[in-house]
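Let me begin by presenting the structure, written as structure tokens, before commenting on it.
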Amino acid sequence: MEIVVCIKRVPFTQEVDLEIAPSQKDIVKEGLAFVLNEWDNYALEEAISLKERLGGQVTAVLIGSEEDEEVLRRALAMGADRAVRVDPGDVYLDVRGISKILTRVVKDMPFDLILTGAQADDTNEGCVGVMLAEELGIPHASVVKGIEVLDRTLRIRVELEGGTEEVSTIRLPALLTIQTGINEPRYVSVMGIRKAAKKELKVFSLEELGLDSESIKPDSIVERLYFPPEQGGAHMLTGDPATVAEKILKILKEKGVIQ
Amino acid sequence: MYTKGSEALFIPHWVFWLICVLSLGIFVRTIKRRITPLRQAQKDPRFNQWRLRISALIKDGFLQIRQPRYPFSGIVHLVIFWGFVILGLRSLQLIFYGLGIPFIDPFSTQGIWYRYAQLKDIFEVLVLLACLLSIIRRAIFRPSRYKGSSQLEAYLVLSLISFLMITDLAFDASHIMLQNSNVNTISLKLLSNFFKTFSPSELSYIFSISFLLHLLTFFVFLNLLPISKHFHIITALPNVFFKKLTKGSIKPARYGIQQLEDLEYLGIKQITDFTWKHILDFYSCTECGRCSDNCPANLSGRALSPKMLTLKLRDSLYSAFPIFKKASEQREVIGQVINQEEIWSCTTCGACERECPVFIEYIDKIVDMRRYLVEQGENPSTFNQVFLNMEKTGNPFGRPAQKRTEWIQNLEGIQVRILKKGDEVDTLFFVDSYPSFDPRSQSITLAIAKGLSMAQVDFGILGPIEKDSGHQVRRMGEEGLFQLLKEQNQKTFETIKFQRIITADPHSFNTLKNDYDLKVEVYHYTQYFLELLKGGRLSLKGMPKEGRYTYHDPCYLGRHNGIYEEPREILEKFLGIKLLEMKRSRDRSFCCGGADVGLWHEVREEERMAQKRIKMALEVGADYIITACPFCLMHLEDAIKTHGLEGKIQVVDLMELIISVC
Amino acid sequence: MKGPILALVEHRKGEIRDITYELLRKAHELSQRAGSDPICLLIQAPGQGLEAGLKGWAKKILVIEAKGCEVFNSELYKAYCLEALRTLEPFIVLLPHTPWGMDLAPALSVKAGLPLISDCVDIVLENGDPKAIRQIYGGKLYSQVAFRPSSTYLASMRPGSIQVEGNPGYETELLSFDTQTPIRAPSKTFEEFVETGQGDVDISQAPFLISIGRGIGDEERIQEVKDLAEKLGAILSCSRPIVDKNWLPKYHQVGTSGKTVKPKVYLALGISGAFQHVAGIKGSGTIIAVNKDKKAPIFRAAHYGVAEDLFTIVSALKAKIGG
């Protein structure tokens, strides 16, 4: 099975105090660590597991700068067979632009299945995958939690709300956006990533793909970023742990959940 | 009498020659087969530092200064060992005598060889006594550390040795009596009363029989050596000679390979992925059990027993490279011979390596097996986030690097210099991750900063550009990640001028000193503060609280790096504390639980190591247990809390104690 | 005069989902400001009759009935929406940002050539132009986003972000619509719904929940919290990452893809407070949150907070209760 996985490199912002850049349109990225987007990690693992079971090849595709290549190397170390990076230069990209670039890259590749993460850790939009599918004219499903391969179709489980899942079959070639928890992504050691340096990683510029800033004009433009308004928030309980524990127990008693 | 020993034998001379040649032949074949896996194993450069190695051979090989750590069996073994050394020549004498080849006359009555004959007699009796005592001890007192060893083999060998002694004594005594010579040897003294009753022909019979039996026993024993635990008789001295000379460091992933990426895999997949020295280790194990007897993991009921690790690997090696049987195809180690639980149970405390009389190495083997597991992704999944955090943020918590200096906010009125590229400073204080981020460990860091400030030391920290030293990830098996962190830190060090590094944590100290390639001196704060105190740069006013104090030697300060006296000097000389010493102190200290695997993976055990250690402190009557390591502090305090011992005993950090009286 | 504000209905198993009313409420609000009409677009199976539940919520309800539409299907919905858009020429189209909505909105955007901004928590009009308000970085920051100039704007809304203040009470006109789209077998075929949330305990009925998140760190440490829950008589629940790792079964999960809970007290330990989780606890009486990171979003949703390591507090609580 020929599988293409589209991945993104995003800032690692757990516990980080984010700062808004002077332009107000982005965050200060200096000093931040960057990682593979969590949803994409699951998508990669799914693709590689499918390949290990059924044979075929996995291609990882990323839009980003040279620094972003490290997640492609990680993908190769996990088991992807080849990687493609598109360097967008300084062009402003929104989900529409990204999907147009990916379309240009992917449409000439042989594929049975395209996987993307359901959304990105940073922008949290969840659009690129389905936009790509629509551009390519292939069937798609979002927030997929399980994949079963039947001949030229897949039986998939989509995660809805409240614990409900929707089981459907979808014809290949298709695109699926992958939800977290579908599998357990494998760890790749630093050595594993170094070994993967031997695998193929091609880089394209926008010009080489026949694209310019006009053809990937954004549908949406960020005007400004700002911090959430302080809406009251929690009353913080302070003191040493024993004191805090007492306070908590007092609240529990007051609310009638303990004696 | 017989001029030729051949005439003394009952069997035809040519038969004896045949036996000799056959025995030797079998022996050589066996040895050759034992050498084969050594050839197939990995490289290990042990031919350096000849002077050190020869001195080790003398101290630990011949003088066996480790043996008396178990006093009774230690002395007994020394007797048997020296007996073998002395009596080796005797055996040769008798063989040549039997073959009819002129050599040293076994019946000298004067000169140096007479003196030798008297000496060997003394030793024969001593060895016989030693063997009998050992048999009794093994059978009646059943030392627990012998569990898991082949009892049959032990008794067999002890019996054979005893028999060798008895037959030679009888041979000698009967000869003297037949010759009616005036020589007076111990053998005569012992046996003359008994032999008096025999006629010359009977004595002659005894002479021949004991001669033959002695020689046959010798050949049997010789061939038994390489197929039993007594192979150590041949391999122990070489094993000591080739011992690991560096302390505290972990071996590289593979010797002799520059590009590790070219390797198919890292670590141990099959038995021949061990180095030849590790294989020699398997051969040299005497099954004494001293390692397991001191292993905190074993004593806490974890799956690991170092002795069984060695024996299982030895036996699987023997199956794959048999002497007489058909070779087994099975060469895989993990899962087949050793299970993951054993591998993750180890805290790398080094107690096993400190005890082993033949210097078998354990830590490198276990780390090599972990390397394989990590590369295959078969480590506990909780490690994955830790590894990722280390790579991305330079600390295991995933906290942003900028927050590495947050602890400074808790210092009132003290400036801490955060160094940048191109700066110059006298002392670099390498804080490392736990002392930077973990709230309890931060108190140690604060105390050190206070102390340095009071002593007016020109010091600085790296702050956000400091990466974790990597001591944890290296020992957990993520070698590539360790090399990355090491590279990053070393690059940073090169951009700053400093005279020395001091650390808060013994693990950081150990790694920077022994795993990194630094040209500058690395100290743990205890060493440095002792100097400050001695030099009067820091003065203490007042005394610590009244109480009974004991000191817990952290493994990576004490055992791995030999720093036992410096903390004691601070405590006794400068803080005026009269320390109570636990039974297990200095190099017999008992690990608190370790600073890596155990933090992120619950290993199945009967009792927590820290809990056992607290009990040891209570046993010696202490109210306070002092330690000089943030992980010891964490584990011991945790044990006190979990078992409701607050009020009975308290853990005190050495640096906090110093500051409390500044 | 601006085109109508169109809101798409999401329904499942014969019930209209709550998000629909949020969208309709927003459509009502926007239509008043834009000076146009709110229209509701309902795509259903013939005779399904869901329009009954929408009376009063919009000026008009455009009902498209087609075979195979009792369950959402992206291909069919896309085709019918496109027809509706061409006919109605709306100013703004509000879509649900739900798993189904995520499958539809981007495809519709590309097919129709209209700009889409997804996962909005609000839409505002600035000088007559719509601007979207979104959250990024898991809720740490807000972002104001503008559309490229267009005749129609598509926006998908995050469930739970719009206050439904009640039925605006329109004189609703029902419009039926004969679609011109030929019915074609879609490439995705529905088989069945499966409920995965069943288990030994129903957390949505529990009066006292102690909930764990990523902060628990290690599967084996869950036992420490289980012990505390037992001592306090609380039921154990968790956030998504715990279930993703298979450390607890699905029926313990609180959040949009898990269960919505309304306990008297919800004690959140080591939970960051991602909106999907918070959405599941909104109805709780008292929320107490414990998290090492004093900037964790959970503290915005909680009534009481403790910026401390959860294990320290768990130990302290156990010590106070004793035994």
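Worth saying up front: this structure is predicted, and the values here are computed from it rather than measured. Within every chain, numbering begins at 1; the chains are lettered A, B, ... in the order of the sequence lines, protein sequences first and strands thereafter.
With chain C as partner, the option from A:V222, A:T180, A:I170 having the largest number of non-hydrogen pairs under 4.5 angstrom is A:T180. Between chain A and the options C:S118, C:A107, C:S143, C:A302, heavy-atom pairs under 4.5 Å are most frequent for C:A107. Highest contact tally toward chain A, considering only C:S187, C:P263, C:A316, is held by C:S187 [criterion: heavy-atom pairs under 4.5 Å]. No other option in A:V10, A:D94, A:V167 has as many heavy-atom pairs under 4.5 Å with chain C as A:V167. Chain A forms the most heavy-atom pairs under 4.5 Å with one residue out of C:N246, C:T189, C:L116, and that residue is C:T189. The most heavy-atom pairs under 4.5 Å with chain C, out of A:S99, A:G163, A:A120, come from A:G163. With chain A as the partner, the residue from C:R17, C:K259, C:E75, C:Q253 showing the most heavy-atom pairs under 4.5 Å is C:R17. When the candidates A:L160, A:V143, A:T153, A:L132 are compared by the number of heavy-atom contacts under 4.5 Å with chain C, A:L160 comes out ahead. Looking only at heavy-atom pairs under 4.5 Å with chain A, the residue among C:L232, C:I117, C:V254 that has the most is C:L232.
Heavy-atom neighbours of chain A within the stretch residues 98-106 of chain C, taken at a separation under 4.5 angstrom, comprise C:T98, C:P99, C:W100, C:M102, C:D103, C:P106.
Only the side chain of C:I133 comes within contact range of chain A, judged by heavy atoms closer than 4.5 Å. Residue C:K250 touches chain A through its side chain alone, counting heavy-atom pairs closer than 4.5 Å. Looking at C:I288, only its side chain comes within 4.5 Å of chain A, counting heavy atoms on both sides. For C:K131, the part lying near chain A is the side chain, with the backbone staying farther off; criterion is any non-hydrogen pair under 4.5 Å. Neither the backbone nor the side chain of A:L154 comes within less than 4.5 Å of any heavy atom of chain C. Heavy atoms closer than 4.5 Å to chain C are found nowhere in A:Q24, neither backbone nor side chain. With a 4.5 Å cut-off on non-hydrogen atoms, A:I138 does not touch chain C at all. Heavy atoms of A:D17 lying under 4.5 Å from chain C belong exclusively to its side chain. Interface remark: A:R157 contributes no atoms to any contact with chain C (heavy atom separation under 4.5 Å). Heavy atoms closer than 4.5 Å to chain C are found nowhere in A:K217, neither backbone nor side chain. Looking at C:Y153, there are no atoms closer than 4.5 Å to chain A (heavy atoms on both sides), in backbone or side chain. Within the 4.5 angstrom heavy-atom criterion, only backbone atoms of A:D121 (N, CA, C, O) approach chain C. Using a 4.5 Å cut-off between heavy atoms, A:A133 makes no contact with chain C at all. The contact between A:I20 and chain C is made entirely by side chain atoms (from C-beta outward), counting heavy-atom distances below 4.5 Å. Interface remark: A:P218 contributes backbone atoms only to the contact with chain C (heavy atom separation under 4.5 Å).
Counting non-hydrogen atoms of other residues, nucleotides and ligands closer than 6.0 Å to CD of A:E148 gives a total above 12. Summarising the local packing, NZ of A:K107 is surrounded by more than 12 heavy atoms from other residues, nucleotides or ligands at distances under 6.0 Å. The number of heavy atoms from other shown groups lying within 6.0 Å of CD (C:E192) is above 12. Counting heavy-atom neighbours within 6.0 Å of C:K111 NZ, excluding the residue itself, gives a total of 12 or less.
The heavy-atom pair separating C:A307 from A:M236 by the smallest distance is N-CE, 3.8 Å. Of all the heavy atoms in A:G256 and C:K264, the pair that sits closest is O-NZ, 4.3 Å. Across all non-hydrogen atoms, the minimal contact from C:Y304 to A:A234 is C-CB, 3.7 Å. Closest approach of C:R134 to A:N124, counting heavy atoms only: NH2-O, 2.9 Å. Shortest non-hydrogen contact noted between A:V257 and C:P207 is CG1-O, 3.8 Å. Contact between C:P186 and A:R171 at its shortest, heavy atoms only, is O-NH1, 4.3 Å.
Under the side chain to side chain donor-acceptor pair (under 3.5 Å) criterion, C:K78 pairs with A:E134, sequence neighbours left out.
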Carefully, step by step, assess A:M131 and C:S109 under the rule side-chain contact (heavy atoms from CB on, under 4.5 Å).
-> CA-CA 8 Å; A:M131 285 183 170; C:S109 163; 3.8 Å; yes
Yes or no on side-chain contact (heavy atoms from CB on, under 4.5 Å) for C:V194 and A:T164, after CA distance, side-chain angles and deciding distance?
-> CA-CA 6 Å; C:V194 170; A:T164 308; over 6 Å; no
Using the side-chain contact (heavy atoms from CB on, under 4.5 Å) rule, take A:I248 and C:L317 through it: C-alpha gap first, then chi angles, then the decisive distance, then the call.
-> CA-CA 8 Å; A:I248 293 177; C:L317 282 167; 4.2 Å; yes
Does the side-chain contact (heavy atoms from CB on, under 4.5 Å) test come out yes or no for C:K140 and A:I27, once each step is laid out?
-> CA-CA 11 Å; C:K140 286 191 182 202; A:I27 58 167; over 6 Å; no
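A distance of 10.0 Å separates CG of A:L225 from CD of C:Q144, quoted to the nearest 0.5 Å. Atom CZ of residue C:F208 and atom NZ of residue A:K255 lie 12.5 Å apart, to the nearest 0.5 angstrom. Between the OG atom in A:S168 and the CD atom in C:E191 there is a gap of 7.0 Å [rounded to 0.5 Å]. Rounding to the nearest 0.5 Å places CD of A:E125 at 9.5 Å from CD1 of C:I136.
Contact of the A:D219 side chain with the C:F147 side chain is not registered, since no non-hydrogen atoms from C-beta on lie closer than 4.5 Å. Side-chain contact between A:R96 and C:V110 is present, with heavy atoms from C-beta onward closer than 4.5 Å. Taking the side chain as every heavy atom from C-beta outward, C:L141 and A:Y226 never approach each other to under 4.5 Å. Residues A:L18 and C:Y137 meet the side-chain proximity criterion, which asks for heavy atoms closer than 4.5 Å. In this structure the side chain of C:R240 reaches within 4.5 angstrom of the side chain of A:Q179, judged on heavy atoms. A:E165 is not listed as a side-chain neighbour of C:E195, based on a closest heavy-atom distance of 4.5 Å or more. Taking the side chain as every heavy atom from C-beta outward, A:T123 and C:D119 never approach each other to under 4.5 Å. Side-chain contact check for C:K245 versus A:E184: every heavy-atom pair is 4.5 Å or farther apart.
Using modelled atom types and a 3.5 Å distance limit, the side chains of A:S220 and C:R148 yield no donor-acceptor pair.
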